[in-house]
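Every value quoted in this text rests on a predicted model; they were computed, and no experiment measured them. To find a chain, count down the sequence lines: A is the first, B the second, and so on, and within it residues start at 1.
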Amino acid sequence: MSDPRDNVQQEFLAEAHELVEALSRDLLLLDEAQHRNERPQPALINEIFRSVHTLKGIAGMFGYRHVGAVAHALEDLLDDLRLGRISVDERVLDLLFDSVERFQRLLGLEDPQSPEEEAGVRAYVEAVRSIGHAAHEEQGDPLDRYAIGAAVLSVLTEYEEHRLRACIREGLQLFRLRASFNLTAIDDSIETLREVARDDAEIITYLPSMEGGNEETIELVVLLASRVPEHELRAHFEGRYGTIEPVEERTHLPTLPPRRTSIPSAAPSMAPAPEDDALHASARSVADSVRVDIRKLDHLMNVVGELALVRSAVNRIVDHFKGQSVHRQSVTDLDRVGRVFERQLSELRAGILDVRMVPLGQVFGKLARIVRQAAREHGKEVRLVVTGANTEVDKLIVEELADPLMHLIRNAIDHGIEQSGERTLANKRLEGTLAINAYHKGSNVVIEVEDDGAGMNPHEVRDAAIARGLLSAEASRELSRQEMLNLVFLPGLSTSSQITGMSGRGVGMDVVKTNILRMGGMISIASELGTGTKVTITLPITLAIIRALLVTIASRTFALPITAVREAIPYRPRDVRTIDGREVMTLRGETLAICDLARLFGFRRPSRREGRFIVVGSMGNRELGFVVDQLQGQDDVIIKSLGKSLSSVRGFAGATDLGDQKVALVLDAPALFSEYFDGPNVLRAMETSP
Amino acid sequence: MSQAAQKATLAPDPDSETGAVAMLAVTADDELYGFPLSSVREILVPPPLTEVPRAPAPVLGIIAVRGQIITVIDLPKILNLRVEQRAPCGRVLLVDTGEELIGVAVDRVIQVYRMEPRQIEYASAMGTELSDYVLGIGRLASTPGTAEEMLILIDPLSLLGRFK
């Protein structure tokens, strides 16, 4: 909280960067549409226009002259796009994508007025201008075909007029809907109408009619363009809204009202913008949301934790008095109030957690540029397909994800997707596809990065590992196909320059894995030679709260995230055999490895051998049975990170306050899995290697 | 809030310009230690400790203080003064190490001493025997008839070093 000006400056930069990210995401969509040879959605171009417009506004306020100049030029270009004066082509896209990089650099400047940037900015502005002024000629006015009164035409904004023309040109039919709206709720009603109309029709404009209103209602004439036949529209709107009728086509040419001069409307609020896509939500959210420092949320969460302590103190008081005959009514009342308090408290907790959730689209947007850039560098054609961008996860996860995903994407393009020549030979589509899919699965979120490239040869990965001395030839003989692929996650395999020519994944897969594991996630890789590679990341939705199974190990309580637990079964020592120095048992015909946590943690083994349990954990396609003494039950727990002082300790994701000042460690299932399965394996390989 | 958390009223060092340092004297295992008062955030009656398996030796366990998980260390152990387990501590000091709040288990809190520069012998001026965690030795002015007492002055900023 130093200089308030600094804070304001930080706020500005944060907002500006957010806008640039939104811009980048939207450009990606535009690029995609272009690749599919589709007309860009008007709403999308509006969104882009809005981001740039807002950026221009705030840049001006904070003296970021260069940012302002670039934004201003773009705004004109986008306005031309919006109004259909120019169309989206590669040259326009290049300039737009270039702007993202440019904005980011300009925002990062020590001196936002820096004269050194002058020339670059001017050249860019010139380039944008030169495109913008190649305006196109209109061929015959399609508006002439319809009997729309001059009075109506004269009040249309330039944008509405453009959409009207465009719709007619595309062969849409025009309709007039007369409907009454309650004056007090008119904004909401019109919003609802937009929603209802979205699939069937585009709302061009609405105007108050001269008749049919009273003190509380107003009749509007809504001008709609639609492909849907008249009777269907009738079924859809009439009864709900009012009468609908086609706008008559006229036979003679009207005299158009004089065109107004082109003034880019600052807030295109009349734009028919079906803003259903979550990717579009960002720019809007700039307007009606508050930016909050995540630490403030953490603080609130701590306060909630404190309140929970108050709650248990009240509980204790109630318990204390319950057995006694005094103040019986008051104790009952206190008990009831305590319960209400608890309910509200859990709602508050849920509310705070909800605030932390943001759509994954925030990080995907950043990736769009990487894809484009990497594809360019390699002269490859790559199409990025994103699904599930509106999948929500904890803000912290989103931030931590950017780097790992960037690595994966770079790898997919550098090593996975082939040059178009090779693709032709392999009978593949010329253009490579890179898919990022996100979806919720239970209380996890799954993110897949999939390419349809050359795939990886497990044997090459193995050979590279042997060549790097990470694995002995002997140890490698026992490896399954999948285990060979998993070697890409070994540190050391990736740093070699010799293997960049390999069709495998080079850069930093071990770093990617470490990052994902640190977030309590899992990563797995699947690859088919000639078909492509898929990396799957599984993450908890929030780092802050998890459902956990509380277990007792040597009289101590531990929490095991329920996401990692498949089942719990009684432990019968006689079923357990020792193979290769490891305890295993047979569960439903499959061999299950067993890990005695008390022994792993170095607790003295409890004397009791019977009556214990095996909690079967599952991660990806692996299973591991954890031996515990008792099962206490399930609970929602808030994970608190252990301090840096304990960062060297493996096996714990954090700790949780159980109330009454008792703290339980939360087991880090992915880390325990990889310690059990990967750790010794790698070590064994190291030992035997020359 | 929590009844075990007992906030100490810690006065800021009044004479910082003259070079005098306020030191909080505590005992652990019959040894006197001093912490710069400015680094001590709070003195707690220790809540139940949760042991952390496989943690570095000086770590006694973790506690929760107002929602935050705090690592508690044993002072003599971090100074390599003693290895065996010891009875539960009497107080936990919350010490700001610059990066993280660390709980330091001590037996008793004695009092705050204001120490003039001449009373402090810095570790850098002494032999190598003293651990990196020690700022120096503070000599308390002895009253007639009693032996001179010494404080082992702890450098709070170094407490995290052991774990890295």
- prompt: Would a line drawn from the ring center of A:F652 to the ring center of A:F601 be shorter than 6.0 Å?
  reply: yes

task: Identify whether NZ of Lys or CZ of Arg in A:R556 sits under 6.0 Å from the centre of the six-membered ring of A:F603 and within 45° of that ring's axis.
output: yes

B:I63 portion near chain A, given a 4.5 angstrom heavy-atom threshold: backbone

- request: Provide the closest heavy-atom pair for A:L334 versus A:I317 in the form atom of the first, atom of the second, distance.
  value: CD2-CG2, 4.2 Å

Side-chain heavy atoms of A:K640 within contact of A:V663, under 4.5 Å: no

message: Taking every non-hydrogen pair under 4.5 Å, which of A:L642, A:L600, A:D657, A:V303 racks up the most with chain B?
response: A:L600

- prompt: Is it the side chain or the backbone of A:S641 that comes within 4.5 Å of chain B heavy atoms, both, or neither?
  reply: backbone

